[in-house]
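Positions are given from 1, in the same order as the sequence printed here.
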Amino acid sequence: MKSLSYYFFCMFFFIVYTNNIKVSLADCDNLQDTCPAIPPNKQTLFINGLPCKNPGNVTSQDFRTMELSKPGSTDILGASIKLVTAAEFPGLNTLGLSIGRTDIDRDGLVNFHYHPRATEMIFVTKGVLLAGFVDTKNQIFQKFLQVGDVCVFPKGLFHYILNQGFVDATVFSVYNSQNPGIVSLTPTTFDTTLESLEKLKKRIISLSASDVHDVTSFNSMELESIYS
């Protein structure tokens, strides 16, 4: 009898304990085959995700987009990032995916940034690039990429892409969240940006002889002075 009571006590403790564990996932799993989103201007509910269309109104057009057929606006660093989430592409709703397109001018730079809710995988379709990210141990991992190469940037880690070719470059991205978010280091003024950009490019290029580097050799104080 004592062992039986002990067994039930252990089971009760296990159930209570596990019910209080918060499991972190990129996005919730699907509860149905498809769930195209209602356009934002027609939403009447505000939830974590987007409301679904009436199944009777779902069409094949909900699963097609031309949002990435053209590049977006180019910033002062010579890069354009266009991110398409479920808000713009209804068929992505509940699938845990977003897509993106990045265009980089010759000698342009995709500024240091990270996605708080997603890992990013890129596919190079044009150009020669130097891409890298900084991990939580302050190490920089970077590699030269050419057409057809695929590279992954882990969730929540700062990453960057430098165009090292002689033509404009283009990469397409997939994110494992329907709303990955983006946090970017922003230069303070236009005058210091151009000068600081050249310094930053030179530091990135100087590390290209090896795949892995300690960020301290990158001079983190330099980054702070550039983007603070």
### Query
So, the side chain of T170 versus the backbone of T125: is there a donor-acceptor pair under 3.5 Å, distance only?
no

### Task
Using a 4.5 Å cut-off on heavy atoms from C-beta on, say whether the side chain of H113 contacts that of V183.
no

### Query
Is there side-chain contact between H159 and H115, with heavy atoms separated by less than 4.5 Å?
yes

### Task
Identify the two heavy atoms, one from Y160 and one from I140, that lie closest to each other, and give their separation to 0.1 Å.
OH-CG2, 3.4 Å

### Query
Heavy atoms, side chains only, cut-off 4.5 Å: are V58 and F63 in contact?
yes

### Message
Would you say that L95 contacts Q178 through its side chain, given a criterion of any heavy-atom pair below 4.5 Å between the two side chains?
### Response
no

### Task
Rounded to the nearest 0.5 Å, what's the gap from CD1 on I182 to CD on E120? Could you check?
8.0 Å

## Note on the structure
Smallest heavy-atom separation, V110 atom then T102 atom, equals CG2-CG2, 3.6 Å

### Message
For the CG atom of L130 and the CG atom of L145, what is their distance to the nearest 0.5 Å?
### Response
8.0 Å

### Query
So, for A118 and S177, which heavy atoms are closest and what is the spacing to 0.1 Å?
CB-CB, 3.8 Å

### Query
Under 30°, 30 to 60°, or over 60°: which ring-plane class applies to F153 and F133, parallel, tilted or perpendicular?
perpendicular

### Query
Sub-3.5 Å donor-acceptor pair from the side chain of S80 to the main-chain atoms of G72, do we have one?
yes

### Task
Check for a donor-acceptor pair, side chain of R101 on one end and backbone N or O of S69 on the other, with a separation under 3.5 Å.
yes

## Note on the structure
CD1 (I122) and OH (Y175) are apart, to the nearest 0.5 Å, by 9.0 Å

### Task
Could you check if a side-chain atom of I38 sits within less than 4.5 angstrom of a side-chain atom of L50, using non-hydrogen atoms only?
no

## Note on the structure
N179 and R117 have their tightest heavy-atom pair at O-NE, 2.6 Å

### Query
If you measure from CG on L157 to CZ on F141, what distance do you get to the nearest 0.5 Å?
9.5 Å

#### Entry: Test item: N93 side-chain N/O and C35 main-chain N/O as donor-acceptor pair under 3.5 Å
yes

### Query
Under 4.5 Å between any side-chain heavy atoms of L129 and N163, yes or no?
yes

### Message
Can you tell me how far apart CG (L92) and CG (D62) are? Round to the nearest 0.5 Å.
### Response
11.0 Å

### Result of checking V124, I104, I81 against I161 for side-chain contact (heavy atoms from CB on, under 4.5 Å)
I104

### Message
Which heavy atom of Q164 sits nearest to which heavy atom of F144, and what is that distance?
### Response
CG-CE2, 3.8 Å

### Task
Please check if I99 and F172 belong to a single hydrophobic cluster, counting links between Ile, Leu, Val, Met, Phe, Trp and Tyr side chain heavy atoms closer than 4.5 Å.
yes

### Summary
Nearest heavy-atom approach of L83 to P180 is CD2-CG, 3.9 Å

### Task
Please examine the side chains of Y114 and V134, heavy atoms only from C-beta on, and report whether any two atoms are closer than 4.5 Å.
no

### Message
Could you tell me if the side chain of V152 sits less than 4.5 Å from the side chain of T119, heavy atoms only?
### Response
yes

## Note on the structure
Distance col, row D105:CG vs T74:OG1, nearest 0.5 angstrom, shows 5.0 Å

### Message
Please check: side-chain N/O of K82 versus main-chain N/O of K70, any donor-acceptor pairing under 3.5 Å?
### Response
yes

